[in-house]
Amino acid sequence: MKKIVLICVAGMSTSLLVSHMRDAAKADNYECEINAYPIADAPGVIPKADIVLLGPQVKYMMNKLKKEYPDKIIEAIDMRVYGMIDGKGALVQARRCMEE
């Protein structure tokens with residue numbers, strides 16, 4: 001089962017997106033675990049993740065996190081997907097990145 005982690009400033013703003021992503025995964029019969037965390041929790045959650053999606057508020061941390069976790073897939077959530085709280089779009093982005 002794939003583990004998808006979303007990271008934002010406090011883990012709150014992405015919670016609705018996580019809910020929509022879970023709904024999209026269920027509709028697609030895609031088994032995965034999706035959770036949101038604050039950036040402060042990154043060291044504890046990134047090592048266990050298959051992919052990390054960063055909210056717009058912490059996108060600036062992407063290069064630093066990629067250097068710290070070179071074996072992990074770390075991407076910024078597409079701004080349009082994030083703004084529209086498009087759970088299916090975010091799930092598609094995560095799955096596509098994991099397949100590359």
Side-chain angles (χ1 to χ4, degrees):
M1 182 183 309
K2 296 294 185 183
K3 187 167 185 163
I4 301 170
V5 167
L6 281 70
I7 293 181
C8 67
V9 174
M12 301 290 280
S13 61
T14 54
S15 62
L16 189 55
L17 182 58
V18 165
S19 177
H20 287 239
M21 288 177 74
R22 288 175 180 158
D23 291 343
K26 186 175 182 179
D28 288 348
N29 291 318
Y30 182 69
E31 289 193 32
C32 61
E33 182 181 328
I34 308 169
N35 291 298
Y37 300 93
I39 190 68
D41 290 353
V45 297
I46 291 177
K48 301 170 192 160
D50 291 296
I51 185 166
V52 176
L53 297 176
L54 302 176
Q57 319 90 319
V58 295
K59 181 180 175 182
Y60 72 94
M61 300 272 307
M62 187 161 53
N63 290 334
K64 179 181 184 286
L65 292 172
K66 283 186 173 190
K67 285 179 186 173
E68 289 178 20
Y69 305 95
D71 60 326
K72 294 297 175 183
I73 302 167
I74 301 173
E75 295 294 330
I77 300 170
D78 179 274
M79 289 288 284
R80 181 176 294 166
V81 167
Y82 190 87
M84 295 179 70
I85 313 170
D86 180 2
K88 184 166 181 62
L91 184 63
V92 166
Q93 179 183 358
R95 291 179 72 174
R96 186 175 51 241
C97 290
M98 288 187 283
E99 290 171 2
E100 293 178 354

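Treat the numbers as computed from the prediction; the structure is a model and nothing was measured.
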Where is the tightest heavy-atom contact between V5 and A49, given as atom of each residue plus distance? CG2-CB, 3.6 Å

In Å, rounded to the nearest 0.5 Å, how long is the span from CD1 of I74 to NZ of K67? 12.5 Å

Side-chain heavy atoms of L65 within contact of I39, under 4.5 Å: yes

My understanding is that only residues two or more places apart in sequence, or in another chain, count here; which of them pass side chain to side chain contact (heavy atoms under 4.5 Å, CB included) with P56? M79, Y82

Anything under 3.5 Å between a donor and an acceptor, one on a side chain of residues 93-100, the other on a protein residue two or more places apart or in another chain? List them.
| from | atom 1 | to | atom 2 | distance (Å) |
| --- | --- | --- | --- | --- |
| Q93 | OE1 | D78 | N | 3.1 |
| Q93 | NE2 | A76 | O | 2.8 |

Taking every heavy atom of K88 against every heavy atom of A24, the minimum-distance pair comes out as CA-CB, 3.7 Å

Could you check whether atom NZ of K26 has more than 12 heavy atoms from other residues, nucleotides or ligands sitting under 6.0 Å from it? no

Are L17 and V58 connected in the hydrophobic side-chain network, where two residues link if heavy atoms are under 4.5 Å apart? no

Look up atom CD1 in I85 and atom CG in L16, then write down how far apart they are to the nearest 0.5 Å. 4.5 Å

On a heavy-atom basis, the closest approach of A42 and P47 is O-CD, 4.0 Å

Single-linkage hydrophobic cluster, 4.5 Å side-chain cutoff, V18 and I7 together: no

All heavy atoms of G89 vs all of V81, minimum pair found to be C-CG1, 3.9 Å

If I take atom CD1 from residue I77 and atom CG from residue L54, how far apart are they, to the nearest 0.5 angstrom? 7.5 Å

Check the hydrophobic clustering (I, L, V, M, F, W, Y; side-chain heavy atoms under 4.5 Å; chains of links allowed) and say if M1 and I73 are grouped together. no

CE of M61 to NZ of K66, rounded to nearest 0.5 Å, is 13.5 Å

Y30 reachable from L53 in the ILVMFWY side-chain graph, under 4.5 Å edges: yes

Exceeds 12 heavy-atom contacts within 6.0 angstrom, atom NZ of K59: no

With side chain to side chain contact (heavy atoms under 4.5 Å, CB included) as the test, would you mind laying out the steps for V45 and K3 before giving the verdict? CA-CA 10 Å; V45 297; K3 187 167 185 163; over 6 Å; no

Once rounded to the nearest 0.5 Å, what's the spacing between atom CD1 of I4 and atom CG of D50? 8.0 Å

Just wondering, do N35 and M21 contact through their side chains at under 4.5 Å, heavy atoms? no

Determine, using the 4.5 Å side-chain heavy-atom cutoff (strictly less than), whether V9 and I46 are members of one ILVMFWY cluster. yes

